[in-house]
Q: 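After the structure tokens below, expect a handful of questions from me.
Every number for a ligand or one of its atoms is a count from 1 in the order of the listing. Numbers here are sequence positions counted from 1. In this text the structure is predicted, and so the values were computed from the model without any measurement.
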Amino acid sequence: MSLVLDPAAQDLLFREARTANTFTDEPVTDEQVQAIYDLVKYGPTAFNQTPLRITLVRSAEARERLVQHMAEGNQAKTSTAPLVAILSADNEFHEELPTLFPAFPQAKDLFFSERPAREGAAALNAALQAAYFIIGVRAAGLAAGPMTGVDLEGVRKEFLDDDHTPLMVVNIGRPGEGAWYPRSPRLAYDEVVTTV
Ligand SMILES: Cc1cc2nc3c(=O)[nH]c(=O)nc-3n(C[C@H](O)[C@H](O)[C@H](O)COP(=O)(O)O)c2cc1C
């Protein structure tokens, strides 16, 4: 009763949404990815940095190069998912800040002139956006399989550059046969929330 979101949407996004480990071969289109992005781009980030960058791995040749960097247990699902995305943090996000945060354009030079400050902010805020992205995939009626079981440095060298820090690889598609591991328990409210 406390939530205003339609219960069916609550189920779609959270209660019945699962991390998929197998997929059907139904394609995931660029239009679907664009609809997902155009929804989740509104998720909040500090100073509206929006440092998440998304690399769609579509060609068979690129997929093969990516699979080589995946942990063994992640290779089969990364080979067979209809779409795989590399999510990374843009450490040079500050270049866009005067446009993205017009309320305080000085933020670029005041807070983000040094690379270590940018890397910390980019890692945190791109990780937030990665979470929004996963929820967006679910909002499209698809399932996501996020993975950090991957040689991220290898992925950086293979697909990105020094200005981008890969965070995770995400398989995307409709769940296939035996897609789910058993649902793991979650911590209860009282175990997580304290009030001071
Ligand atoms: C950041 C992140 C990294 C993950 N890395 C892997 C991975 O490398 N391999 C894997 O099989 N599952 C991976 N998972 C899947 C989690 O184990 C799974 O989302 C979690 O157990 C919840 O499962 P459920 O959505 O089915 O309840 C990852 C999930 C997240 C969010």
Q: Mark whether atom 16 (C) of ligand 1 lies under 4.0 angstrom from at least one protein heavy atom.
A: no

Q: Indicate whether the side chain of Lys77 and that of Asn171 have a donor and an acceptor atom separated by less than 3.5 Å.
A: no

Q: Name the closest protein heavy atom to atom 27 (O) of ligand 1, giving the residue it belongs to and the distance to 0.1 Å.
A: Arg183 NH1, 2.6 Å

Q: To check your reading of the model: name the closest protein heavy atom to atom 14 (N) of ligand 1, its residue, and the distance in Å.
A: Pro146 O, 3.2 Å

Q: Below 3.5 Å, N or O to N or O, backbone or side chain included: is there any such pair between Ile134 and ligand 1?
A: no

Q: Which one holds for Asn74 and ligand 1: side chain close, backbone close, both close, or neither close, with close meaning a heavy atom under 4.0 Å?
A: side chain

Q: For atom 18 (C) of ligand 1, what's the nearest protein heavy atom and its distance?
A: Thr19 OG1, 3.4 Å

Q: Examine distances only and state if a side-chain atom of Thr24 and a backbone atom of Pro175 form a donor-acceptor pair shorter than 3.5 Å.
A: no

Q: Is atom 24 (P) of ligand 1 near the protein, in the sense that some protein heavy atom lies at less than 4.0 Å from it?
A: yes

Q: Do side-chain atoms of Glu191 reach the backbone of Ala188 as a donor and acceptor pair under 3.5 angstrom?
A: yes

Q: Closest non-hydrogen protein atom to atom 21 (O) of ligand 1, residue and atom name please, with distance?
A: Ser184 OG, 4.8 Å

Q: Is it the case that over 12 heavy atoms from other parts of the model lie below 6.0 angstrom from the CD atom of Glu119?
A: yes

Q: Determine whether any heavy atom of Met70 lies closer than 4.0 Å to an atom of ligand 1.
A: no

Q: Holding to side chain to side chain contact (heavy atoms under 4.5 Å, CB included), I want the full list of residues that pass it with Leu100, two or more places apart in sequence or in another chain.
A: Asn48, Thr50, Glu96

Q: When only distance counts, is Gly149 in polar contact with ligand 1, meaning an N/O pair under 3.5 Å?
A: yes

Q: Looking at Phe112, is its backbone amide N or carbonyl O close enough to the side chain of Arg118 to form a donor-acceptor pair, meaning the two atoms are under 3.5 Å apart?
A: yes

Q: Measure from the side-chain N and O atoms of Asn91 to the backbone N and O of Asp163, and report whether any donor-acceptor pair falls under 3.5 Å.
A: yes

Q: Please report which non-hydrogen protein atom sits nearest to atom 3 (C) of ligand 1, along with the residue it belongs to and the distance in Å to one decimal place.
A: Thr148 OG1, 3.3 Å

Q: Can you find a heavy atom in the side chain of Met147 that is under 4.5 Å from one in the side chain of Met168?
A: no

Q: Extract all donor-acceptor atom pairs below 3.5 Å that involve side chains of residues 128-144 and protein atoms in other chains or at least two apart in sequence.
A:
residue : atom : partner : partner atom : Å
Gln129  : OE1  : Leu52   : N            : 2.8
Tyr132  : OH   : Pro44   : O            : 2.8
Arg138  : NH1  : Leu13   : O            : 2.9

Q: With only distance considered, is Lys77 within less than 3.5 Å of ligand 1 through an N or O on each side?
A: yes

Q: For atom 8 (O) of ligand 1, state whether the nearest protein heavy atom is under 4.0 Å away.
A: yes

